[in-house]
Amino acid sequence: MAAAKQARTNPRQLANDVVDSLDIDDLASSVEVAGPGFLNIRLRDDVLGERIANSPLIEKDPTPLRVVIDYSSPNLAKEMHVGHLRSTVIGDAVSRCLELIGHTVIRQNHIGDWGTAFGRLIAYLDDLDDPSAMAAELADIERLYVHASQRFESDAAFADRARSKVIELQSKEPRAMSRWEHVMALAREHMSDIYARLDIALKPGDIRGESAYNDDLAPLIEELENHEGLVSESEGALCIFMPQFKTKAGDTQPMLIRKSDGGYLYHTTDLAALKYRTETLHADRVMYFTDARQILHFEMLFAAARLGKLVNENTSLEHHHFGKILGGDGKPFKTRAGDNILLRDLIDEAIERSTQTIETKNPDLDADRRADVIDAVAIGAVKYADLSKNRLHDYTFDWDEMLAFDGNTAPYLQYAYARISGIFEKGEVNPTDCKVPPVLNTAVEHQLAVHLLRFQEVIEQVATDAKPHYLCAYLYELTVRFMRFYEQCPILSETGSTKDGRLTLCARTGATLKTGLATLGIRVLTTM
RNA sequence: GCGCCUGUAGCUCAAUGGAUAGAGCAUUGGCCUUCUAAGCCAAGGGUUGAAGGUUCGAGUCCUUCCAGGCGUGCCA
């Protein structure tokens, strides 16, 4: 119908012409025109069956790209909280998806490890004479942050010392740097622990924080100033004015790259990072996962980077933003006191709730498998709840919903996988040995087979649009179709090619579920 | 003020300009001597915030309005 629009002809007539000239008897058992001009092609069962048995799950992209993915990137002056969850989980899933189809993914954890907040932490530690008091503060970075912030608000002399610590850091004063290293080691340890618990693929080697670009900022400003008319001074600050960004009065809105006091801003650091990603990492595509409040920042960043020739013309610069996580009241998800919910507390609660559910639903579970099941269900539920929604919208965080075993949830998909595993265990069959094409003589088998073969296109769609919920919707629909098949079609009690073919369907479904969930960063279970 | 985003079933969410706007939860009613009932099947539930417009075709694109959120020069 899109073709008909281009050709300005009647879509139904064009569809009829296509059917008449089509010769695909070797693939399709019937082709017919429906509605305003749809082509309904029914694939031959023998063709479907052959592909289920023998085609690869995923074919790699013939033109692999170097993709830099900037995600998670927490500010480490304080502990990771629920505000970091979406970037971390969504960026991780998209990274795995791009790797799955053969792209070279370079993860960049652009952590906040520099700036005013660290001046406060260091000044606070300096004020503590007692080594044991200092050790106690360092054992809990969140507490250190809260204490330092409170002091900063209430004590003007302290605030001045905190500001001077920032200057000391910038000039690499050894004592301040040593304290900073100390705090960062602690913060990185905390971050790694959260990633491990959430099963996030980010590793220490992926960290390249704001501080990594410190020495690049002054030369970068010089480089930009060499572009005629790009950089100008206004009210003591260095700015880039771009006519497409207007203020209320119709003036051009500036992008500040150096403050009037000589300090740099996140615009500057991000420009330096883009230069690094182009020149050193040789990125074909740069993807950012941050919340929607930064839309304007990235529009300016990309426009300025192009004007300043910091990136290649054909480098794709993409800001993939997302909405907020809301509590049940429609307001941002916070504690009752109004504080950010820490990720370690969120994970603890997920484990607690998962434990309760598993104990009720399956009290007979083997003790040695129990902890593993509880963990996979808890973490899978939290991640899937986020990934299964269109990231552009806000979403409501609901424990009961995400941990339910029915509906579009991780536990439902994990349960399907456990059922499949049960078949192979009971039948004493190795799924990788299943090569007999299924016959597909029932409607549910045909529908399962058709859906199985769409995995590739869904993965490609996620890689293009950076929207993991397409994959979730696909896997959920796959599971629904499998469950129908499972209810209606006996497997192990059958014999011959019917049994073997149905085992092939189970094997392919299991492999698709396992790979699909792994792409989302979620584990499958052989027993639940 | 200006800019961006959002508004779909009682609730939580889908719908990539296409067919009768779909799922789950909740509600009601079925299905376990048979591979995990943590499951499956069925029923009811809609003026897609409002009004115009473009199109063979609009939840989707355009205009205006309503409601909410976010951003809008020295934080990130």
Side-chain angles (χ1 to χ4, degrees), chain A residues 1-2 4-5 8-12 34-38 40 73 75 77 110 112 114-117 210 234-239 245-251 253-261 263-267 269-270 290-297 299 321 323-324 326 328 330-332 357-358 360-362 377 385 388-390 392-398 400-402 404-409 411-412 414-416 418-427 461 464-465 467 469-470 472-473 476-477 480 483-494 502-503 506 527-528:
Chain A
M1 286 179 286
K5 182 145 195 141
R8 311 186 75 169
T9 59
N10 182 317
R12 209 180 148 88
F38 292 100
N40 284 340
S73 305
N75 188 321
H110 190 84
W114 203 249
T116 53
E210 291 170 353
S234 168
E235 297 170 34
L238 281 188
C239 306
F245 300 105
K246 301 285 189 199
T247 67
K248 49 189 171 185
D251 302 329
Q253 167 148 5
M255 171 177 173
L256 269 71
I257 56 173
R258 196 178 70 195
K259 294 193 282 185
S260 50
D261 68 1
Y264 302 104
L265 297 113
Y266 74 138
H267 288 126
T269 312
D270 272 339
T290 82
D291 69 73
R293 287 176 301 189
Q294 299 193 34
I295 288 173
L296 181 61
H297 163 62
E299 282 177 358
H321 56 267
K324 294 186 290 290
L326 305 176
K331 294 188 191 134
T357 316
I358 300 293
T360 331
K361 304 272 188 184
N362 191 357
V377 167
S388 60
K389 277 128 195 149
N390 187 335
L392 295 178
H393 306 348
D394 296 348
Y395 85 92
T396 307
F397 195 93
D398 185 330
D400 293 333
E401 194 173 88
M402 70 180 72
F405 290 74
D406 37 26
N408 188 9
T409 67
Y412 177 72
Q414 287 168 322
Y415 175 61
R419 275 184 146 182
I420 293 170
S421 301
I423 293 168
F424 288 107
E425 198 176 324
K426 190 148 192 162
Q461 195 71 56
T464 303
D465 295 352
K467 285 183 158 185
H469 82 282
Y470 292 150
C472 296
Y476 174 63
E477 178 64 24
V480 168
M483 291 293 199
R484 285 182 193 143
F485 159 74
Y486 182 91
E487 297 281 336
Q488 286 184 37
C489 301
I491 299 162
L492 295 176
S493 57
E494 291 287 339
R502 285 180 177 171
L503 281 169
C506 290
T527 308
M528 275 178 83

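Numbers restart at 1 for each chain; the letters A, B, ... are given by sequence-line order, proteins then strands.
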Counting the atoms with a prime plus P, OP1 and OP2 as sugar-phosphate, which does [X] contact under 4.0 Å by heavy atoms, base, sugar-phosphate, or nothing?
X: Cys506(A); result: nothing
X: Ala34(A); result: base
X: Leu296(A); result: sugar-phosphate
X: Ile423(A); result: sugar-phosphate
X: Cys489(A); result: base
X: Ile491(A); result: base
X: Thr396(A); result: sugar-phosphate
X: Ala292(A); result: nothing
X: Asn362(A); result: base
X: Asp398(A); result: nothing
X: Asn40(A); result: base
X: His469(A); result: sugar-phosphate
X: Gln488(A); result: nothing

> Counting N and O atoms only, with roles assigned by atom type, does the side chain of Asp394(A) sit under 3.5 Å from a partner on the main chain of Leu326(A), one being a donor and the other an acceptor?
Replying inline: no
By nearest atom, which of the nucleotides [options] is closest to the [X] side chain?
X: Ser234(A); options: A19(B), U6(B), G73(B); answer: G73(B)
X: Arg293(A); options: G39(B), G71(B), C74(B); answer: G71(B)
X: Tyr470(A); options: A14(B), U72(B), U16(B); answer: U16(B)
X: Glu401(A); options: U12(B), C4(B), C40(B); answer: U12(B)
X: Tyr415(A); options: A14(B), A37(B), G71(B); answer: A37(B)
X: His393(A); options: A37(B), U72(B), A14(B); answer: A14(B)
X: Tyr395(A); options: G39(B), A14(B), C13(B); answer: C13(B)
X: Glu235(A); options: A19(B), U36(B), G73(B); answer: G73(B)
X: Met528(A); options: C35(B), G39(B), A38(B); answer: A38(B)
X: Glu210(A); options: A38(B), A76(B), C74(B); answer: A76(B)

>> If you assign each of Gln294(A) and Pro411(A) to its closest nucleotide in RNA chain B, which residue comes earlier from the 5' end?
In response: Pro411(A)
> Starting at the 5' end of RNA chain B and moving along, which residue's nearest nucleotide shows up first, Gly112(A) or Phe405(A)?
Replying inline: Phe405(A)
N/O (side chain, [X]) to phosphate O (OP1/OP2, [N]) under 4.0 Å:
X: Ser388(A); N: A14(B); value: no
X: Tyr412(A); N: C40(B); value: yes
X: His297(A); N: C75(B); value: no
X: Arg419(A); N: G39(B); value: no
X: Lys259(A); N: C75(B); value: yes

> Hey, is the side chain of Asn390(A) pairing donor to acceptor with the base of A15(B) inside 3.5 Å?
Replying inline: no
>> Return the CD to CG distance between Gln294(A) and Asp270(A), rounded to the nearest 0.5 Å.
In response: 8.0 Å
Sticking with atom [atom1], work out how far [N] lies from [M], rounded to a whole angstrom.
N: U54(B); M: G17(B); atom1: C1'; result: 12 Å
N: C56(B); M: U72(B); atom1: P; result: 43 Å
N: A9(B); M: G24(B); atom1: C1'; result: 12 Å

> Starting at the 5' end of RNA chain B, what dot-bracket string do you get if Watson-Crick and G-U pairs under 3.5 Å are bracketed, crossing pairs use [ ], other-strand pairs use | and unpaired bases use dots?
Replying inline: (((((((..((((....[...)))).(((((.......))))).....(((((..]....))))))))))))....
> Residues two or more places apart in sequence or in another chain: which of them pass ring-ring contact (aromatic ring centres under 6.0 Å, His included) with Tyr266(A)?
Replying inline: His297(A)
> Is Tyr266(A) stacked on the base of A76(B), with ring centres under 5.5 Å apart and planes under 30° apart?
Replying inline: yes
>> Expressed as a whole number of angstroms, how long is the span from Lys389(A):NZ to U8(B):P?
In response: 16 Å
